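Treat the numbers as computed from the prediction; the structure is a model and nothing was measured. Counting starts at 1 for both ligands and their atoms, following the listed order.
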Amino acid sequence: MTDISENLRTIRNKIAKAACESGRRPEDVQLVAVSKMQPLERIEAALQAGQRVFGENRVQEAQAHWAGMKAEYPEIVLHLIGPLQTNKAREAVGLFDVIETVDRPALVPVLAKEMRRQGRFLPCFIQVNTGEEPQKSGVSPQELTSLLDLCCEHGLAVEGLMCLPPVTEPPALHFAFLQKLAREHHLENLSMGMSVDFEKAIPLGATYVRVGTALFGER
Ligand SMILES: *Cc1c(COP(=O)(O)O)cnc(C)c1O
């Protein structure tokens with residue numbers, strides 16, 4: 001049986017250690033607990049252990065996990081970390097608190113309109129396909145500036161960048177690249193690093209690490 005509260009302590013300690021070693025404050029790195037494909041009892045265990053920030057990659061599944069839970073725990077902060085179809089924008093804006101995966105121009109006006117309609121102006125991240133992998137979502141680094149301009153035109157509040165490095169390359173190269181892009185565009189936040197590499201993302205400026213299996217166990 002996975003001991004979620006023990007895992008949570010371990011991960012928080014590792015975050016604090018990596019932050020201190022790189023001259024950063026532990027509280028400047030937020031843990032996003034990735035609860036996709038996890039049974040509800042594990043999610044409840046994380047809540048009981050005090051975790052409040054969660055990530056899900058599918059709108060439908062997130063509804064099932066969180067629609068009721070958010071009523072019970074209003075302080076939950078839910079991040080969308082997977083691709084968003086335009087026809088799910090309404091549900092996504094209603095449920096999530098942060099959209100990390102703005103990855104293409106077509107999504108921008110749809111999200112902006114939906115946020116106005118619901119009066120929920122959610123902070124957004126742009127997902128950058130740093131490895132320029134054809135199968136992966138995210139804007140290419142060359143298209144980042146124009147996507148940011150478009151977000152600005154439509155009034156989307158972009159607070160940072162997010163990436164998922166290629167599994168075959170050293171992640172630190174991609175984390176450093178994302179950090180450079182964020183600096184060039186004066187963006188504060190970086191969502192990068194998962195179970196296997198979050199400690200490498202912290203010295204390179206991660207303000208959010210997205211950790212699933214190391215916290216909840218295998219999916
Ligand atoms: C599943 C997922 C994670 C978490 O991955 P783990 O290896 O389980 O920590 C992080 N980010 C995204 C975008 C994911 O889809």
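Panel note: side chain Arg210, backbone Met194; no donor-acceptor pair is recorded below 3.5 Å. Lys70 contributes a side-chain N or O that, together with a main-chain N or O of Leu95, makes up a donor-acceptor pair within less than 3.5 Å.
When each of Asn7, Leu47, Leu215, Ile4 is paired with Arg42, the side-chain contact (heavy atoms from CB on, under 4.5 Å) condition holds for Ile4 and for no other.
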Extract all donor-acceptor atom pairs below 3.5 Å that involve side chains of residues 157-170 and protein atoms in other chains or at least two apart in sequence.
residue	atom	partner	partner atom	Å
Glu169	OE1	His174	NE2	2.7

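Note that CZ of Arg104 and CG of Leu147 are 10.5 Å apart. Values are rounded to the nearest 0.5 Å.
Residues lining ligand 1 at a heavy-atom distance below 4.0 Å are given as Val34, Lys36, Asn57, Ile81, Met162, Leu164, Met194, Ser195, Arg210, Val211, Gly212, Thr213, Arg219, ordered by chain and residue number.
Below 30°, between 30° and 60°, or above 60°: for His79 and Phe125 the angle between ring planes is between 30° and 60°, a tilted geometry.
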